[in-house]
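A quick write-up on the structure given underneath.
All values derive from a computational prediction rather than experimental measurement. The chains referred to below are lettered A, B, ... by the order of the sequence lines, with proteins before strands, and numbering in each begins at 1.
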Amino acid sequence: MEYKLKINGDIYTVESNKIDDKHLKISFNGIEHEARFERIDDNRIYLNIMGRGINAYIVRNRDSKSVVIDGVAYLIEDAEKTDKKRPKERISRDVPQTVTPPMPAVIVRIMVKEGDRVKKDQGVVVVSAMKLETTLTAPFNGTVIRVNAGEGDKVMPGQILVDIEKDNEGGANNE
Amino acid sequence: MEYKLKINGDIYTVESNKIDDKHLKISFNGIEHEARFERIDDNRIYLNIMGRGINAYIVRNRDSKSVVIDGVAYLIEDAEKTDKKRPKERISRDVPQTVTPPMPAVIVRIMVKEGDRVKKDQGVVVVSAMKLETTLTAPFNGTVIRVNAGEGDKVMPGQILVDIEKDNEGGANNE
Amino acid sequence: MFRKILIANRGEIALRVIKTCREMGIKTAAVYSDADIKALHVLEADEAFYLGKSDPGDSYLNIDRIIEAVKKSGAEALHPGYGFLAENSLFAKRCGEEGIVFIGPPSSVISSLGDKVKAREIMQKNGIPVVPGFFEKDIDFDRISREAEKIGYPLVIKAVAGGGGRGMRIVNSSDRLKDALKEASGEARSAFGHGGVFIEKFIISPRHIEFQILADSQGNVIHLMERECSIQRRFQKIIEETPSTAVTPLMREEMGRSAVAAARASGYVNAGTVEFILDGEGNYYFLEVNTRLQVEHPVTEMTTGLDIVKHQIEIASGNRLTLSQDDIKCRGHAIECRIYAEDPENNFAPCPGNITFLKEPSGPGVRLDTGIYSGFSIPYEYDPILSKLITYAERREHNIKRMIRALQDYVVLGVKTTIPFLIDLLKSQQFYRGETFTDFIEAGFHGWEPPYPHIDKALTAYIADEMSAKNRSSGKEFYKEKDISPWSTLGNWKI
Amino acid sequence: MFRKILIANRGEIALRVIKTCREMGIKTAAVYSDADIKALHVLEADEAFYLGKSDPGDSYLNIDRIIEAVKKSGAEALHPGYGFLAENSLFAKRCGEEGIVFIGPPSSVISSLGDKVKAREIMQKNGIPVVPGFFEKDIDFDRISREAEKIGYPLVIKAVAGGGGRGMRIVNSSDRLKDALKEASGEARSAFGHGGVFIEKFIISPRHIEFQILADSQGNVIHLMERECSIQRRFQKIIEETPSTAVTPLMREEMGRSAVAAARASGYVNAGTVEFILDGEGNYYFLEVNTRLQVEHPVTEMTTGLDIVKHQIEIASGNRLTLSQDDIKCRGHAIECRIYAEDPENNFAPCPGNITFLKEPSGPGVRLDTGIYSGFSIPYEYDPILSKLITYAERREHNIKRMIRALQDYVVLGVKTTIPFLIDLLKSQQFYRGETFTDFIEAGFHGWEPPYPHIDKALTAYIADEMSAKNRSSGKEFYKEKDISPWSTLGNWKI
C-alpha cells in the first residue's frame, strides 16, 4: 500500500507491505527496511528495526498523527486526505488566511469594527491564554465584513473571529 | 434503588437515590449520607462526603468490583447476582468444594490417580506460580473420579483439576 | 503544630505542599475555580472549597473568597505557594487581621522588599553589593553625567515606572549619553505617562544566582547555598541547577554571608530567596528578594536533603530552626526542568488542552513534582506550568545525561510541551561547559526548531499504527471533535 | 569504558541497570522469554534478544543461550542483576572464558563465599565474629555436649544438608540436648537422606544488618554503611531501611571495619553485601556475603548520594574507586518497600495477572524502581516482585509517614499486592519504635487481615460507579472472560 505522508512540509511517498501481524516492510526515498512491531497500548507501539528497539507514542488527530520518539514530536499528515478535504487550505501553514486563535483562549480586546479597512499584519484581535497575550493579525489587506466574537468570549482554534474581505488589487496584496 | 452488597462476608442492604448527575444519597445500617461524585476516568471516582474528599479506584469483575481506598481493596459483590447465579457456591469462600488453583499456575506434581480414595485436606495436586509451590488439597473425603490435567500444564483459577466424588457417610465428612 | 492548612494555590505547587502536610499529619484544604473542578490538587486534598469562576480575579486572586474558604475550613494557617497572592502584602496583612497564620514573611517585610527602590536602599545600607547606579526623579543631565563617569560604561538607562524593555537604552560611551537619556525618557513618558529614568551599570553576560534562606522568628538565619537560574525565556526561568558552575567555594561563602545579611537587614522570617546578578569577573550584585517558596526550591532539597516546605511550616508555627549553618552540607548536583504547556517552535506560545496520554519518568535520582494526570484538561486561564522534573547525581556531567534520559522517558500527548526543547538545550555544548548566561536562549536557541533525526522511524510507526488499528481499544482512537488540538490547527498571530 | 552491556535479567532490576547505562552513554541489550515479549525491560533497552520459552531453564537460567545472546549483541560486558544466574560461579567463569566481562566478583570468590562452611572458615580466620557453633560430620554426643556447654544455651540444632526448618530444634538446657539431637538427626535423614547436624548459638530476637561494600580490582575496599532488613516473610525481605535504629555510631564503625575485612579476606572485587546477625546486646555475627547487587541497594543510594550500579560498571571496567572511606557521609533516612504481586491476606500467595490500572507515586523524597506498566501481564513463571518504592526524609519519623503517603498514592489494579499490608505494618507502633526483629511479621502480623475503615465510602463508590457508568469509555469496563482475576475466585489450597 502506498502512503503520501507529510512531515514538516516535506512529502514522503512510502510504499508499505504488511508481512504478517508483527512485521512490515516499508520503502521510501531509496531507503528500505523491515520492522517488527508490537502494539503496547492505544498510544504506544514498539518497533524493532534492524535489531534496534524504538518506542513510538502516538496521538491521532483528524487527518494527522503526532508520533513522539525520544521526546521529539513528529506531526505526520496524510497528504492525500488533507489535499482532498481542504484544497484551499493546502498552503495554510505558510500563508494563513483566517483570523483564528492558535490555542483555546479568551478575547481581551477587539481592535476593529465592521467596515474598517485593515492592512496585512495589522492587529485585529488580542486573545489571552495562560497569562500571555497574543495579537491576531490580518492575513492580507482588506475590509472587515463581520466580527464574530466579543470581548471576554472564550474561543477555540478554528473559530473565525473576524471575517475580512480580501482586496482585489494584486499589488497591495503581495507586500 | 436498593442494592444488596457483600463485603468480606457481611451483606449490606443499601438504599440509594441519584439526586442529579453529581450527587447521590445512600442509607444503610441507619447511616445516611449525601455524596458528590466526579468520574475522573474509567477506574477512578472522586467522592466528596460531608466535605471530605475520597479517591476510589475501581476494577470491575464479573459479579463484583474491587474498590481501593487509601491503599486498601474492598471486594464488593452484588449479593443478588451471586446468589442467583451460583446458588451452590454461596458458601464457597468458607468451605471450598473444588480442586482449582487460586492463581494462574503450572502443575508440578499430581499425587492421585483415578479411583484413589482421598481424605479431606489430603494433598492431591502441587502447582507452582512465581517460584512458590502450592499444594491443592481434597475438600472432603471421597474418591477421585477424574484427573483433568497433566504435569507441566498451565492452569487457571476456576479450572477443576481433579473431580472428587464425595463420600455419603455424614460423620467422616464433618471432621 | 497546625491541625489544618489551606493551600491558596493550584497545580504542582499545591500538590507539593499537600504532600508534606500529609506527612506531617496536617489536614489540607484546597481551593478551586470552575476550570479546576477535576484538578489534581482538588482530588488529593482532604477538603476542597469552591472559589468562583475560572478568571483568577474571581478565584485564586480573590482575597475575600479565599479568606471565606479558610474560615469555612477551620484551617489555622494558609500556604500561598508561588504566584497569585504569594507576594501580596495586603493579603498577608489581611490573614493576620483574620487570625490566620500566613506561611511566609510578615506583611511589612513583603511590602518593603517588594518596593525595588526601598529594597535597594536597605541592602546598600547593610553593605550588600547592589548594581552601581543612580536614581533621580527629574533629569538633571550634569548630575547624571557625573554619576555615569563614576559608574563606568557601558551602562543602561531604565524607566522608573517601566518594564518590558520600554524606555531602556544601553549606552557604551559618554558621547551617546545625552541623546540616549532623551530618547529613553520620551519613550518612557509615552509608554507609562511618566518620564523618570535611572542609570545602572550594564552587566555583560550576567548569570542569575540566588541563595535560599531560612529564618525563624527567633532571629536565626541560615542559607542553603545557591541555585543558578540563568536559563530563561521571556524573563521566566526554565532550567535551574545547583551548585552553579560559576560559584567557587570562596564566592559561595561570601555570597551566602550577603544573603544572610540581606535577610537580617530586612527582618526576614520564613523561607525566602535572595537573588543576585553575577558578572564574568565574579562580582555579584543584589537584585531582589523573593518573599515566598520558589518554583525551583526542589534542586536545593535534592542537594541538602532537606524538605523546605516542612521547615516553612515549622517556622510559621513558631518553632525554632532545628538547623545551624554548619549542618548544611551540599552534595552532588541537581537540575530542575520546568515542563510548560508551550510550543517551543512557536516562540513558546501557550498550549492549553486535554492530556490524552501520560507516561512519567522514574528511577534513581529522579523526582517529579506534577499537577496533571491523563484526562485532565489544562485550563488556559492560568500559568502554563504542568510539572517540574528534577534529577540528582553525584556529578554534573552524569546528571545532565540523567535529566536527558528522564525527559526522553516523559511522554505527554495532547498538548505541546517544552520537553523536546529542553532535551536539545541540555545536549548542547554550551550547557555542558556551563556557559549559562541569562541570554542563553536568545543567543543560542533563537528560532529553535526541533531536530528530526528519526523521520524513517516515525513514518514506520505511523504505518504500523494503521496496520494494528484493530488492536486498539474502541472509543479512544477516533478523533473527537471537541478535543480539537492546537497541534493541527493554524492561525495568523504573533506574540 | 564499555560500549555495550547485556543485562541478563528481567523486571525492575533490568530497568534499573538500563537507566544508569543510558546515562553513562553505554548501549544496552536485553534478553527475554516468551512471557516477556512485551516486558518493560525489552521495551526500554536499545536491543533485545530472544532466549526461549518462559520456563527459566529455557531462558534466564540458560547459560548457553545467554552467552549466545551476548555474542550476537556484541556486548563487552554482562550485568547479572540479582537472582537467576547472579551468584552462579560457573556462569561467571564461563563469561570469563568467552571474553565477556562479568559485572560482579571473580568466579572463585563467588564460589568460596557461596559455600557456607568455607565462608565461615574464611571469616573466623580473619577475626570476623561468626555465630558460635560446632560442626561435626558424625554425631559424637560427648564432644557435642562439651561444645554445647562452651557455646551456652539456648542453642539451635540445624541439619547440614537442610533448609526450611526440617531437622531443626531449639534446645534451652543441657538435659534436652541428647533427645533433641536424635530427633533432629532422624528428621534430617528422612528429609535429606543424610543425618548430619550441627549446633549453633540461638540468637534471640535477632536483627538482620548488612553492610554494602565496594571494592576495586586495585585492592581498595570501602563500605557504604548498613541497611537493616529484619522485616521478612518466608525468609524474604520485604522492608529495608538505613540507618538502622539499633546500630550506634560506635557499632557502625566496628561492623563496617568487619565488613571491609570480610571483603579483603575473600579477595572481593565489585559491589557486595556482608550480612550480619545482630543480637539484643549489640553483638553481631557474620551470616554470609551476597556476591551481587542487592535488591535493597537503593536505600544506600538515597542516604549516600551514590549510584552503586555506576560504580559497579566502573569497577568492572578496571577503574580505580574514586571514593575513599572518608568521602562516605550518610544523611537522612531511607526506607524501601518491595511491592510484590502477592495476597498478604492469604499467606502471601502469588498473584500473577494483568495490570489493568496503574497510578504511581511521585514527589519530594520518592523514588520508584519499577518493571511494570498498565496493560502488562505479570507472568507466573518468575519472582513476584513488581517494583520497589523508596522514600527519603531528614528523619525516620517523617520518612515513615512519607512512605505511608507514597504507598497510599500507589494504585495497582488487576492483581493483589502487598501494598495494604505494608501500610498497616508501617503504621504499627512496633515499627515506629524500631522494634524490628526477623520474627516481626510472624510475631505481630500472623494471619493479618486488612482493616476496613471505609466500608461506607467503598459502598458509595460502588454505587456512584454504577450511576456514572455511561461516562466510562466503552470497551474497558466490561468483564473480560480471559482476564479472570484471582480476586474473585476461590480454591482449596495451602502453601
Side-chain angles (χ1 to χ4, degrees), chain C residues 12 15-16 18-25 44 297-298 301-311 322-323 329 331-333 359-370 373-375 387 390-395 397-406 408-409 472-476, chain D residues 12 15-16 18-25 44 297-298 301-311 322-323 329 331-333 359-370 373-375 387 390-395 397-406 408-409 472-476:
Chain C
E12 70 82 21
L15 270 304
R16 162 72 190 87
I18 286 172
K19 281 173 184 166
T20 287
C21 287
R22 275 177 63 186
E23 293 160 8
M24 294 176 76
E44 298 292 336
H297 76 278
E301 295 187 325
M302 298 296 261
T303 52
T304 58
L306 303 176
D307 183 326
I308 294 174
V309 173
K310 176 172 157 274
H311 286 283
T322 51
L323 300 158
K329 299 266 179 277
R331 185 163 75 191
H333 185 264
K359 179 185 164 274
E360 295 176 340
S362 65
V366 175
R367 165 175 170 183
L368 181 70
D369 281 22
T370 183
Y373 60 91
S374 175
S387 64
I390 306 104
T391 59
Y392 169 90
E394 272 171 80
R395 288 169 195 287
E397 304 83 65
H398 185 174
N399 201 28
I400 293 171
K401 287 185 184 160
R402 178 162 277 177
M403 179 56 91
I404 292 168
R405 188 268 291 170
Q408 287 175 337
D409 280 351
R472 302 198 304 249
S473 76
S474 62
K476 272 205 162 174
Chain D
E12 69 84 18
L15 270 304
R16 162 72 190 88
I18 286 171
K19 280 172 183 164
T20 287
C21 287
R22 276 177 63 186
E23 293 159 10
M24 295 177 75
E44 298 292 337
H297 76 277
E301 295 187 325
M302 298 295 262
T303 51
T304 59
L306 303 176
D307 182 327
I308 294 174
V309 172
K310 176 171 157 276
H311 286 282
T322 49
L323 300 159
K329 298 266 180 276
R331 185 164 75 190
H333 185 264
K359 178 184 165 277
E360 296 177 340
S362 65
V366 175
R367 165 175 170 183
L368 181 69
D369 280 23
T370 183
Y373 60 91
S374 175
S387 63
I390 306 103
T391 59
Y392 169 91
E394 272 171 79
R395 288 171 196 287
E397 306 80 69
H398 185 174
N399 201 29
I400 293 171
K401 287 183 183 161
R402 178 161 278 177
M403 178 57 90
I404 293 169
R405 188 269 291 169
Q408 288 175 337
D409 279 352
R472 302 199 304 249
S473 76
S474 62
K476 273 205 163 173

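In this structure, CG in C/Leu368 is found 10.5 Å from CD in D/Glu360, a value given to the nearest 0.5 Å. With rounding to the nearest 0.5 angstrom, the SG atom of C/Cys21 is 11.5 Å from the CZ atom of D/Arg405.
With a threshold of 4.5 angstrom between heavy atoms, C/Glu12 does not approach chain D through any atom at all. Only the side chain of C/His311 comes within less than 4.5 Å of a heavy atom in chain D; its backbone stays farther off. In this structure, chain D has a heavy atom under 4.5 Å from the backbone of C/Thr304, while its side chain stays farther away. Heavy atoms of C/Pro298 lying under 4.5 Å from chain D are absent altogether. The part of C/Arg22 that comes within reach of chain D is its side chain, from C-beta onward, which places non-hydrogen atoms under 4.5 angstrom from that chain. With a threshold of 4.5 angstrom between heavy atoms, C/Met403 does not approach chain D through any atom at all. Residue D/Glu397: no heavy atom, backbone or side chain, is found under 4.5 Å from chain C. Interface residue C/Thr303: only backbone heavy atoms are found under 4.5 Å from chain D.
Here D/Arg331 pairs with nothing under the side chain to side chain donor-acceptor pair (under 3.5 Å) rule; sequence neighbours left out.
Between D/Thr20 and C/Arg402, some side-chain heavy-atom pair lies under the 4.5 Å cut-off. At a threshold of 4.5 Å between non-hydrogen side-chain atoms, the residues C/Lys310 and D/His398 count as touching.
With chain C as the partner, the residue from D/Asp307, D/Thr370, D/Leu15 showing the most heavy-atom pairs under 4.5 Å is D/Asp307. Comparing C/Gly332, C/Gly305, C/Ala393 by heavy-atom pairs within less than 4.5 Å of chain D, the highest count is held by C/Gly305.
The main-chain N or O of C/Ala406 is never found under 3.5 Å from a side-chain atom of D/Lys19 such that the two would form a donor-acceptor pair.
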